[in-house]
There are 2 protein chains.
Amino acid sequence: MNIVLIGSGNVATQLGIALVNVGHTILQVYSRDINNAQTLANKLSSIAIDSFKQLDLKADIYIVSVKDDVLASLVSELPKIEGIVCHTAGSIEIDVLNAFNKHGVLYPFQTFTKDKLVNFSQVPFLLEANDEGSYVVLKKMAKSISDVVMEANSVQRGQLHISAVFACNFVNHMYRLSSDLLENSGLPFELLHPLIKETAEKVVSLSPRLTQTGPASRNDQMIIDKHLCMLKSNEPFESIYKTLTNSIISID
Amino acid sequence: MNIVLIGSGNVATQLGIALVNVGHTILQVYSRDINNAQTLANKLSSIAIDSFKQLDLKADIYIVSVKDDVLASLVSELPKIEGIVCHTAGSIEIDVLNAFNKHGVLYPFQTFTKDKLVNFSQVPFLLEANDEGSYVVLKKMAKSISDVVMEANSVQRGQLHISAVFACNFVNHMYRLSSDLLENSGLPFELLHPLIKETAEKVVSLSPRLTQTGPASRNDQMIIDKHLCMLKSNEPFESIYKTLTNSIISID
């Protein structure tokens with residue numbers, strides 16, 4: 001298929017690379033900043049543009065992958081497009097693309113960092129489209145890079161996005177806090193690597209209800225008090241420790 | 001070496017299996033509950049006991065691996081022992097074993113669940129002993145099952161334990177909350193598996209400062225407000241979302 005990428009951030013970059021690898025053509029990469037567009041275009045043997053006046057109007061699919069808070073205003077600047085226009089955002093309704101005859105959502109359920117290549121084959125793609133024909137085309141494209149493609153409406157996608165905030169963004173923040181604590185103690189973060197890996201691997205084979213360990217899950221007040229004493233007035237560690245310990249104790 | 005295991009929980013079970021696998025002998029397994037002792041003793045070709053009167057006094061090492069809040073009282077019931085007595089707790093000082101001539105701490109820095117076998121080779125072991133001779137013996141035993149063995153005093157071990165609470169226990173609680181949210185939406189937790197794996201793998205190759213993604217890290221108030229609206233009055237989700245989002249926004 002002939003595709004235009006609108007955006008050059010983490011999602012656009014990883015998606016573009018995966019699409020090119022399986023034989024699709026990225027006709028153009030748009031970014032407000034021509035240098036960003038050019039960097040990604042070079043990776044994809046594509047053409048960089050920074051104005052919608054240059055937009056190639058013969059593509060099959062236009063993937064709009066930009067920051068959520070600029071999506072609506074950017075979309076309003078687009079010219080009339082005959083191909084399918086889709087966005088990749090978890091928490092934005094399909095309606096934002098109502099101006100286009102054929103439109104949809106292609107939400108890759110993964111975390112993307114520019115410098116860490118993602119293997120898409122197991123990444124779930126949640127799809128939505130305003131008509132059956134567009135859905136079939138988006139599904140064909142998604143299936144070409146992933147084995148896990150399913151339909152989800154805007155409400156389900158929003159709920160999925162919130163769960164991802166907990167399972168990915170908040171998890172990474174816990175890693176960050178843990179790393180800062182260790183650094184203050186003069187111990188290397190690398191010590192935590194086996195624990196981080198095991199915690200993630202375990203929850204994939206068992207259920208998170210069964211894998212909870214630690215002082216809060218045993219309601220071990222002696223250790224909890226000792227930890228709170230060590231974290232006294234050390235924010236945000238003390239209050240997060242309290243909040244999450246109480247939540248673990250009261251959840252079951 | 002000849003070893004006696006005092007305790008039959010997750011840590012004792014996994015440690016016992018690893019020690020037997022590399023050729024050590026577990027002379028006895030003690031538990032208050034003889035059935036628990038017997039279950040583990042069977043796995044280790046060992047003998048189950050439920051009274052310290054039966055304790056074999058000729059072992060090289062006695063590993064006390066019981067819940068933190070019963071450790072002190074259990075230790076006070078032990079007879080005079082010539083071998084090295086050590087515990088495996090992150091947040092309990094070495095002094096709790098002062099009654100014994102030779103004593104120490106052997107802290108395996110990992111999360112243990114009975115039904116998930118741990119590969120110990122990369123698990124860090126933090127050691128402490130009251131004399132050089134005991135330290136050498138504990139180090140030899142730890143080295144026989146792990147490549148990562150280092151000294152840590154009781155203060156460092158306590159700090160390491162708190163970081164593990166964040167990087168493992170609180171992380172698992174995030175998985176749990178995420179799983180509950182998905183369940184309420186009729187979506188399977190399996191959808192999150194690739195995201196959970198990627199989040200953990202990424203932080204091991206990059207640093208948690210660089211891998212933070214999501215609405216809070218972009219300070220995207222539109223999405224944050226949308227999520228808070230969807231979580232309204234849904235506790236503990238709403239307050240944890242607020243607390244951690246604010247913490248991410250203000251950390252850098």
Side-chain angles (χ1 to χ4, degrees), chain A residues 67-69 91 109-111 113 116 122-124 156 158-160 162-179 181-182 185 187 191-200 202-204 208 211-214 216 218 220 222-223 226-227 230 236 240 243-244 247-248, chain B residues 67-69 91 109-111 113 116 122-124 156 158-160 162-179 181-182 185 187 191-200 202-204 208 211-214 216 218 220 222-223 226-227 230 236 240 243-244 247-248:
Chain A
K67 285 189 181 169
D68 295 357
D69 53 0
S91 292
F109 195 53
Q110 186 51 285
T111 171
T113 312
K116 168 84 168 61
Q122 295 307 310
V123 173
Q156 289 176 310
Q159 289 162 332
L160 206 57
I162 296 185
S163 342
V165 169
F166 280 83
C168 168
N169 306 151
F170 291 168
V171 160
N172 191 81
H173 188 54
M174 293 301 117
Y175 297 154
R176 165 69 192 271
L177 296 175
S178 179
S179 155
L181 281 170
L182 275 183
S185 311
L187 293 161
L191 272 180
L192 283 165
H193 288 177
L195 182 65
I196 285 172
K197 281 194 225 174
E198 175 73 7
T199 305
K202 206 153 67 168
V203 84
V204 166
T211 52
Q212 189 65 56
T213 57
R218 296 191 303 270
D220 185 336
M222 182 185 76
I223 301 297
K226 202 178 261 191
H227 287 175
M230 286 173 79
I240 289 178
T243 302
L244 297 183
S247 179
I248 292 172
Chain B
K67 285 191 181 167
D68 294 358
D69 54 359
S91 291
F109 194 53
Q110 188 51 285
T111 171
T113 313
K116 168 85 170 61
Q122 295 307 310
V123 173
Q156 289 176 309
Q159 288 162 332
L160 206 56
I162 296 184
S163 343
V165 169
F166 281 82
C168 167
N169 307 150
F170 291 167
V171 160
N172 191 79
H173 189 55
M174 294 301 114
Y175 297 154
R176 165 69 191 272
L177 296 175
S178 179
S179 155
L181 281 170
L182 274 182
S185 312
L187 293 162
L191 273 181
L192 283 167
H193 287 177
L195 183 63
I196 287 172
K197 280 194 225 169
E198 176 73 8
T199 306
K202 207 151 68 167
V203 83
V204 166
T211 53
Q212 188 67 56
T213 57
R218 296 190 304 270
D220 185 336
M222 182 186 78
I223 300 297
K226 201 176 260 190
H227 287 175
M230 288 174 77
I240 289 178
T243 303
L244 297 184
S247 179
I248 292 172

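Computed from a prediction, not measured in an experiment: that's the story for all the values here. Worth knowing before you read on, the calculation uses all heavy atoms, side chains too, and leaves out hydrogens, waters and symmetry mates. Labels below follow one simple rule: chain letters A, B, ... track the order of the sequence lines, proteins then strands, and each chain is numbered from 1.
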Minimal non-hydrogen separation, Ser178(A) against Ala167(B), with atom names:
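Of all heavy-atom pairs spanning Ser178(A) and Ala167(B), the closest is OG-CB, 3.5 Å.
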Residue pair Lys202(B) / Thr111(A): nearest heavy atoms and the distance that separates them:
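Where Lys202(B) meets Thr111(A) most closely, the heavy atoms are NZ-OG1, 3.0 Å.
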Are any non-hydrogen side-chain atoms of Thr213(A) and Cys168(B) less than 4.5 angstrom apart?
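Answer yes - side chains close enough.
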So, do Asn172(A) and Val203(B) sit near enough that their side-chain heavy atoms are less than 4.5 Å apart?
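Heavy-atom side-chain distance check passes, below 4.5 Å.
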Would you mind telling me which of [options] has the largest number of heavy-atom pairs within less than 4.5 Å of chain A?
options: His227(B), Gln156(B), Gln159(B); answer: His227(B)
options: Ser179(B), Pro236(B), Pro194(B); answer: Pro194(B)
options: Leu181(B), Ile162(B), Leu160(B); answer: Ile162(B)
options: Leu177(B), Thr243(B), Leu192(B); answer: Leu192(B)
options: Ser247(B), Gly158(B), Gly214(B); answer: Ser247(B)
options: Leu195(B), Thr199(B), Thr211(B), Ile240(B); answer: Leu195(B)

If I take atom [atom1] from residue [X] and atom [atom2] from residue [Y], how far apart are they, to the nearest 0.5 angstrom?
X: His173(A); Y: Phe166(B); atom1: NE2; atom2: CZ; answer: 9.0 Å
X: Asp68(A); Y: Asp220(B); atom1: CG; atom2: CG; answer: 5.0 Å
X: Gln122(A); Y: Glu198(B); atom1: CD; atom2: CD; answer: 12.5 Å

With a 4.5 angstrom heavy-atom cut-off, could you sort out which part of Leu187(B) is near chain A: side chain, backbone, both or neither?
side chain
Set of residues satisfying salt bridge (charged side-chain N to carboxylate O under 4.0 Å, His left out) with respect to Lys226(A), sequence neighbours excluded
Glu93(B)
Contacts of Lys67(B) that satisfy salt bridge (charged side-chain N to carboxylate O under 4.0 Å, His left out) - sequence neighbours left out
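Scan of Lys67(B) (salt bridge (charged side-chain N to carboxylate O under 4.0 Å, His left out), adjacent residues dropped) gives none.
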If you count heavy-atom pairs under 4.5 Å with chain B, which of Lys116(A), Met174(A), Arg176(A) comes out on top?
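The option with the most such pairs is Arg176(A).
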Which atoms of Leu191(A) approach chain B - backbone, side chain, both or neither, heavy atom under 4.5 Å:
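Looking at Leu191(A), backbone and side chain both touch chain B.
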Part of Val204(A) within contact of chain B (heavy atom distance under 4.5 Å):
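Both backbone and side chain.
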Check the surroundings of atom NZ in Lys197(B): do more than 12 heavy atoms from other residues, nucleotides or ligands lie under 6.0 Å from it?
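At most 12 heavy atoms, drawn from other residues, nucleotides or ligands, come within 6.0 Å of this atom.
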Under a 4.0 Å threshold between the charged nitrogen and the carboxylate oxygen, would Asp69(B) count as salt-bridged to Arg218(A)?
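Judged by the 4.0 Å cut-off on N to carboxylate O distance, Arg218(A) and Asp69(B) do not form a salt bridge.
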